[in-house]
Amino acid sequence: MAGLLATGFPRDLASSIAVAVLVGLLGLADDRFGLEVRARLLAQCVLALLAVALVRPQMPTMGLLALLALALSWVAFVNAMNFMDGINGISAAMTIVVSLWFVLVGEGSLETLAWATAASAFGFLLLNSRGKVFLGDVGSYALGSLIWSMTALALASGTDVVTSFAPMSLYGLETAAAMLLLMRRGGRPGEPHRLHAYQRWVDSGLPHLGVAFLAAGVLSSMLLIVRWVSESWIAVILAILVGLAYVASPAVRKRPVDGDAVKNNSGKR
């Protein structure tokens, strides 16, 4: 980070890249050595506090509770991105949609970071869609951190909360729904499963890319609602309904048999 700043690189971009690199290294360690869950979560919490500390100067009026909530959202973003990276194409497709959203609503460093992330995701999609390369924890953690950084930069620039957090709404809904289904069937949080909507779509016979583009299309629809509906509370309700329809939709095509759904997540790499 110091090297980037010495070359005149914008501080907000340098801090975003630095935190993404650090959490990527954590993911690499997890990929390589299989870190214990509590140790991994503790390291993530430390990095979350670092991420918030680095953006704090751009949010001088934000209170302590809001800053803590922002730190928790970093942990949520990173882990949601990791949970959802289970099939070819989905992380890249969703990242492109998210990044283009921030291109639309942002400017300056936010727009620069968004364009760079979108371009990188597109290049990765070309290879990942053919099964040539995979993100692993190192890539999914780093992407989750970059998306959080775009959210934080949007908030710092005066963008409202709904617009700033909307890009991660579908991942949040899907992760929450999967956890509820898991616990309803007697599982425990953190236990391997195939209860995410995208996993159930694949299990029903749809190809990876088809499911990836379906999810990206649903997220795009939710973001368009947020963009075009003038009343924020109406936009939020409509977007959530669209997201919930997607989350519930695999059951229409094929109802999983109880006992078969809670098993090893073979989609994760």
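Along the sequence shown, residues are numbered consecutively beginning with 1.
Residues W233 and I237 have side chains in contact (heavy-atom distance under 4.5 Å, counting atoms from C-beta outward). Residues P167 and V97 are not in side-chain contact: their nearest non-hydrogen atoms beyond the backbone lie 4.5 Å or more apart. Taking the side chain as every heavy atom from C-beta outward, L180 and M183 approach each other to under 4.5 Å. Counting only heavy atoms from C-beta outward, the side chains of L195 and R185 approach each other to under 4.5 Å. Under the 4.5 Å side-chain criterion, counting only non-hydrogen atoms from C-beta, W74 is not in contact with V52. Taking 4.5 Å as the limit, every side-chain heavy atom of M81 sits out of range of all side-chain heavy atoms of L135. In this structure, the side chains of T95 and F124 stay at 4.5 Å or more apart for every pair of heavy atoms. Between F77 and M168, the closest side-chain pair of non-hydrogen atoms falls below 4.5 Å.
Between the side chains of S99 and W115, no donor-acceptor pair is found at a separation under 3.5 Å. When only modelled atom types and interatomic distance are considered, D160 and T163 share a side-chain donor-acceptor pair under 3.5 Å. A donor-acceptor pair shorter than 3.5 Å can be found between the side chains of S249 and W201. Counted by atom type alone, N88 and S129 present zero donor-acceptor pairs between their side chains at under 3.5 Å.
Across every non-hydrogen atom of S91 and D85, the tightest pair is OG-OD1, 3.0 Å. Counting all heavy atoms, side chain and backbone alike, S164 lies closest to A154 at OG-CB, 3.6 Å. In this structure, A178 and H193 approach most closely via the heavy-atom pair CB-CE1, 3.8 Å. Of all the heavy atoms in S140 and N82, the pair that sits closest is OG-ND2, 2.9 Å. Nearest heavy atom pair, residue R40 against residue L35, reads NH1-O, 3.3 Å.
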So L219 and Y171, side-chain contact (heavy atoms from CB on, under 4.5 Å) or not? Walk me through it.
CA-CA 9 Å; L219 177 59; Y171 269 16; over 6 Å; no
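Looking only at distances, a side-chain donor or acceptor of T117 sits under 3.5 Å from a matching main-chain atom of L113. With S169 contributing its side chain and F165 its backbone, the two residues share no donor-acceptor pair below 3.5 Å. Counting only distance, with no hydrogens or angles, the side chain of D31 and the backbone of D137 share a donor-acceptor pair below 3.5 Å. One N or O on the side chain of N128 and one on the backbone of G89 form a donor-acceptor pair closer than 3.5 Å. In terms of modelled atom types and a separation under 3.5 Å, the side chain of E231 and the main chain of I234 share no donor-acceptor contact.
The aromatic rings of Y198 and H196 sit parallel to each other, their planes meeting at less than 30°, with 60° as the upper class boundary.
For the side-chain contact (heavy atoms from CB on, under 4.5 Å) test with W101, the passing option among L224, I96, V226 is V226; the others fail.
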